[in-house]
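Any value given below was found using the heavy atoms of this structure, including those in side chains, with hydrogens, waters and symmetry copies removed. Just follow the structure's listing: the first ligand is 1, and inside any ligand the first atom is 1. Only a predicted model underlies this, so the values are computations on that prediction, with no experimental measurement involved.
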Amino acid sequence: MIDTVKITDKDALIVVDVQYDFCPGGSLAVNGGDEVVPVINEIAGRFDNVVLTQDWHPPGHKSFASEWKDKKPFEYIDMPYGKQILWPDHCVWGTKGAEIHGKLNIMHNQLIIRKGFRREMDSYSAFFENDGKTPTGLGGYLKERGLNRIFLVGLATDFCVKWSALDGRKLGFDVHVIEEGCRAIDLEGSLEKAWEEMKSAGVKRVWKSQII
Ligand code: VGL
Ligand code: ZN
């Protein structure tokens, strides 16, 4: 029998980057990205505390391949904080693609944390920018509210969800990822690798039927 997880008022659901650019038709579309919307709507009602993240880049963000001569999306570049994958322009602030999906229906969402707003640095994780040390403030917010157990859903499993899960562990949170609430970009096996990394960091992989 699979264990169930009983949600309490000390838990938080974190909905990562469910934005048009990561959904079919968007500039960095994730396969089946929009399929997470009804799943998340269903799950969200079981949580008293819900937080959203929003990938939010200025035009000309350095993670965009279009900013670099002779570079194409999904190639790499060395940034001062390490290796960076270059992306198609996406989630440019003020554009439709940056908006949170309109069918996401979570009236009791309490916070939207924006990330990636510094032109020179990318930010996958909900907790730290890609230098691994500049905080977004979410860790402090959750801790101050005594919310120590987090459940992640959203896009993409192998980038922003994974980085958030690993940083969540580093900050001492009890971290769960809800399988059907996520979809992946999956570049060169990155999805399988993501689940391995999360497992070894003590992230728990759960299915929505286990959440009661
Ligand atoms: C993401 C690539 C670039 C994500 C954001 O939300 O997973 N991936 N920016
Ligand atoms: Zn981005």
Side-chain angles (χ1 to χ4, degrees), residues 13-37 39-40 51-68 71-77 79 81-101 104 112-132 134 136 138 150-168 175 177-179 181-195 197-198 203:
L13 179 69
I14 301 176
V15 180
V16 177
D17 298 359
V18 181
Q19 292 165 261
Y20 287 117
D21 268 343
F22 297 124
C23 292
S27 63
L28 181 43
V30 177
N31 263 333
D34 54 348
E35 292 166 15
V36 302
V37 172
V39 177
I40 296 171
V51 168
L52 265 54
T53 71
Q54 188 172 26
D55 209 42
W56 192 250
H57 300 307
H61 192 262
K62 294 288 192 194
S63 76
F64 297 167
S66 60
E67 278 301 291
W68 303 88
K71 287 284 180 194
K72 289 200 277 301
F74 310 111
E75 293 182 351
Y76 288 86
I77 195 137
M79 295 289 273
Y81 53 83
K83 231 169 144 194
Q84 168 74 48
I85 305 184
L86 295 173
W87 304 106
D89 290 26
H90 65 279
C91 299
V92 174
W93 59 35
T95 65
K96 180 78 184 172
E99 284 176 24
I100 288 165
H101 197 292
L104 204 63
I112 299 174
I113 195 121
R114 287 175 167 167
K115 58 187 184 59
F117 49 75
R118 255 182 263 281
R119 183 163 180 255
E120 308 295 324
M121 182 151 55
D122 210 357
S123 184
Y124 296 150
S125 160
F127 295 102
F128 295 104
E129 301 193 28
N130 282 13
D131 62 355
T134 306
T136 63
L138 181 62
I150 61 172
F151 293 76
L152 291 161
V153 288
L155 309 171
T157 322
D158 43 347
F159 286 91
C160 291
V161 173
K162 177 190 88 172
W163 285 54
S164 301
L166 297 179
D167 281 345
V175 182
V177 175
I178 306 175
E179 170 78 30
C182 305
R183 290 293 183 280
I185 297 177
D186 205 11
L187 296 175
E188 298 160 14
S190 57
L191 177 60
E192 199 185 321
K193 195 162 157 275
W195 282 119
E197 282 175 70
M198 290 194 279
V203 174

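For the Zn ion (ligand 2), protein N/O/S neighbours under 2.8 Å (waters excluded) are D55 OD2, H57 NE2, H90 NE2.
What sits closest to atom 1 (C) of ligand 1 on the protein, heavy atoms only, is C160 SG, 3.2 Å. Of all protein heavy atoms, the one closest to atom 5 (C) of ligand 1 is D55 OD2, 3.2 Å.
Under 3.5 Å, the side chains of Q19 and D55 contain no donor-acceptor pair of N or O atoms.
The shortest N/O to N/O separation between F22 and ligand 1 does not fall below 3.5 Å. Checked against a 3.5 angstrom limit, the closest N/O atoms of F159 and ligand 1 fall outside it. Checking only distances, D17 does come within under 3.5 Å of ligand 1, N or O to N or O. Geometrically, ligand 1 and L28 share no nitrogen or oxygen pair separated by less than 3.5 Å.
Ring pair F64/H90: centre-to-centre distance below 6.0 Å. The ring of F117 has its center no closer than 6.0 angstrom to the ring center of H57.
When each atom of ligand 1 is checked for a heavy atom of L155 under 4.0 Å away, the hits are 4 (C), 6 (O), 7 (O). Atom numbering of ligand 1 starts at 1 in the shown order; those under 4.0 Å from a heavy atom of A156 are 4 (C), 6 (O), 7 (O).
Within a 6.0 Å sphere centred on CG of D131, other residues, nucleotides and ligands contribute more than 12 heavy atoms. Within a 6.0 Å radius of CD in E75, more than 12 heavy atoms belonging to other residues, nucleotides or ligands are found. Heavy atoms from other residues, nucleotides or ligands lying under 6.0 Å from NZ of K193 number 12 at most.
Put simply, the side chain of I112 reaches to within 4.5 Å of the side chain of I100, judged on heavy atoms.
Note that K162 lies outside the cation-pi zone of W195, set by a 6.0 Å cut-off to the ring centre and a 45° limit from the axis.
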K115/D17 under side chain to side chain contact (heavy atoms under 4.5 Å, CB included): CA gap, chis, key distance, verdict: CA-CA 10 Å; K115 58 187 184 59; D17 298 359; 2.8 Å; yes
C91 vs F22, side chain to side chain contact (heavy atoms under 4.5 Å, CB included): CA-CA, chis, key distance, verdict: CA-CA 8 Å; C91 299; F22 297 124; 3.5 Å; yes
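Contacts with ligand 1 closer than 4.0 Å are made by no heavy atom of V161, backbone or side chain.
When all heavy atoms are compared, the tightest approach of I178 to V153 is CB-CG1, 3.7 Å.
Using a non-hydrogen distance threshold of 4.0 Å, H90 registers as a contact of ligand 1.
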